[in-house]
There are 2 protein chains.
Amino acid sequence: MAQTMQLNQDITLSAIKTACSNCNLRELCLPLGLSLQELERLDDLISTRRRIKRGEHLYRAGQQFDAIYAIRSGFFKTDVLLEDGRDQVTGFQMAGELLGLDGISTEHHTCNAIALEDSEICSIPFSRLESLSREIHTLQHHFHKVMSREIVRDHGVMMLLGTMRAEERLAAFLLNLSQRFTARGFSHAEFYLRMTREEIGSYLGLKLETVSRAFSKFQEEGYIAVQQKHIRILDVNGLKALMNHRN
Amino acid sequence: MAQTMQLNQDITLSAIKTACSNCNLRELCLPLGLSLQELERLDDLISTRRRIKRGEHLYRAGQQFDAIYAIRSGFFKTDVLLEDGRDQVTGFQMAGELLGLDGISTEHHTCNAIALEDSEICSIPFSRLESLSREIHTLQHHFHKVMSREIVRDHGVMMLLGTMRAEERLAAFLLNLSQRFTARGFSHAEFYLRMTREEIGSYLGLKLETVSRAFSKFQEEGYIAVQQKHIRILDVNGLKALMNHRN
DNA sequence: GTTTACGGTTGACATGGATCAAGCGAACGC
DNA sequence: GCGTTCGCTTGATCCATGTCAACCGTAAAC
């Protein structure tokens, strides 16, 4: 009897947890702007929830594409590989952000998505998302906005890689992280990096030593306090100023 | 009487010219994969055709977004500006490609689109495109693919800017242009650059002098023949080899 | 036809970040 | 608790590309 109750409760809990309508990330994620009824229809679509352990791949370049993924919790990186072994991190993704949009184009994933900490993702079968967004205008429009935002973000990274010097890049990176943590209700001034210096470097087009040196420099200047992966931002304006001036 | 006939002919010609169904770029552009009936519905949507002279803006960063643009003929660049005056070319677009996808996200354009030669574009009102793609599954799916392809392209540029050295970048750039010209029925081995060395440099994250030197180097090595903006590719494999090896 | 402006090339030199190398501290496995 | 590993830091040196400058050729302007 006690066991049956426990079981029922588990089922209920899991049902609550899987639904977008009860997800506290819905204002950051795909459901943004949907009405209650619309949300319930989206719930039907998001049946699977998957745990990905730190270091595991959510998908690999070359794999068949059939779903996009919303990050429920955790932290990911995506990277692309060149034939000669060079690779580059193309992004870091956190809760509420979507993964896999690159796969729509060729119906195969074009990059690897790897969990940087134990994470949970919601699978969104893409063809069903397309059907539903043919019916729900707001969903369609929001999805288009999300894809477009990804394009704009990429332009920002191109700008960073093409025109900024090492310290500017790192400052931009920290400010961007800070802003995204803030949007998720975390402290804007204090956070743990989930990625290594090498991964940061790869993303910023720098070597890990350069990243490390820039961190030390920022600490000397009093902009931040670094202790391994623990970062405290002491002077946001200092970092911003660093980015806005030539030299 | 003669005048009336002339007039009718003009109207007919203009009607033919504006329709996707008669556009020889339809296999490269938005209409890809549509049936004849579907094509005709797309025709209704693309009412305006606009000429943009060399040097003129199609749109500017900050402007209200309400349409995306298909390039009917000509050549464009897009660039983004930082507050401190730095700018970067984010892409070069040719016939059959779409411009303005970045504007969906915020309903404002986030970059400038400038014609590098006298060009013609088709305006596609975005809200009408969304309505139509709620009705035409193939159009919806193809549009998603186009957006996704843009994301994949941007990742390629990030890779280029983040991990390649100057000569690799220029080789990648030339091979990419060559391949896109080929897709449009032009020679893969001989073409005119529409952009200056400075614009190439901005796109590749290099200074114009470095671009110029790399061109000269390629010429010395016998990979290409350069004469100002006229490029002949003499050894595609040479260029490819240059990209695939470290050093 | 001459002048002017602009884009391109080339050379000399400077420098930011890469590379190579050593050492250190925290975390993890045994 | 101890050793090993991995990520990080820091120093010394090197090199690819940036910077500065001169000059050239082509094309547009007058």
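Below, chains carry the letters A, B, ... as their sequence lines are ordered, and counting in each starts from 1. This structure is a prediction, so every number in the text was calculated from the model and none was measured.
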Revision key, fill the gap. Which of Asp102(A), Thr90(A), Thr78(A) passes side chain to side chain donor-acceptor pair (under 3.5 Å) with Thr110(A)? It is Asp102(A)
Check your understanding: In a check of salt bridge (Lys or Arg N to Asp or Glu O under 4.0 Å) between Glu117(A) and each of Lys229(A), Lys77(A), Arg194(A), Lys53(A), which one passes?
Key -> Arg194(A)
Let me know the distance between [atom1] of [X] and [atom2] of [N], rounded to the nearest Å.
X: His230(A); N: dG7(D); atom1: NE2; atom2: C1'; value: 18 Å
X: Phe215(B); N: dG8(C); atom1: CZ; atom2: C1'; value: 11 Å
X: Gln227(B); N: dT26(D); atom1: CD; atom2: C1'; value: 11 Å
X: Glu220(B); N: dT10(C); atom1: CD; atom2: C1'; value: 11 Å
X: Arg197(A); N: dC24(C); atom1: CZ; atom2: C1'; value: 14 Å
X: Leu170(A); N: dG16(C); atom1: CG; atom2: C1'; value: 15 Å
X: Phe218(A); N: dT9(D); atom1: CZ; atom2: P; value: 13 Å
X: Glu209(B); N: dT10(C); atom1: CD; atom2: P; value: 13 Å

Review point. Would you say Asp79(A) and Gln88(A) make side-chain contact, with heavy atoms under 4.5 Å?
Key: no
**Study point:** Arg184(B) and Glu97(B) ion-paired at < 4.0 Å
**Key:** yes
Check your understanding: Got a salt bridge between Glu150(B) and Arg153(B), using NZ or NE/NH1/NH2 to carboxylate O under 4.0 Å?
Key -> yes
Review point. OP1, OP2 of dA16(D) versus side-chain N and O of Thr210(B): anything below 4.0 Å?
Key: no
Practice item. Describe the nucleic acid contact of Leu208(A) in one word from base, sugar-phosphate, nothing, applying a heavy-atom distance below 4.0 Å. Key: base
From the options [options], select the nucleotide whose nearest atom is closest to the side chain of [X].
X: Ser212(B); options: dT10(D), dC8(D), dT9(C); answer: dT9(C)
X: Lys229(A); options: dC8(D), dG8(C), dT10(D); answer: dC8(D)
X: Arg165(A); options: dG17(C), dG7(C), dG7(D); answer: dG17(C)
X: Ala166(B); options: dT17(D), dG17(C), dT10(C); answer: dT17(D)

Check your understanding: Taking for each residue the nucleotide of DNA chain C bearing the nearest heavy atom, is the 5' side occupied by Gly205(A) or by Val226(B)?
Key -> Val226(B)
Point to revise | Residue closer to the 5' end of DNA chain C, Val211(B) versus Gln228(A) (nearest nucleotide) | key: Val211(B)
**Study point:** Base dT19(D) to side chain Arg213(B), donor-acceptor N/O within 3.5 Å cut-off
**Key:** yes
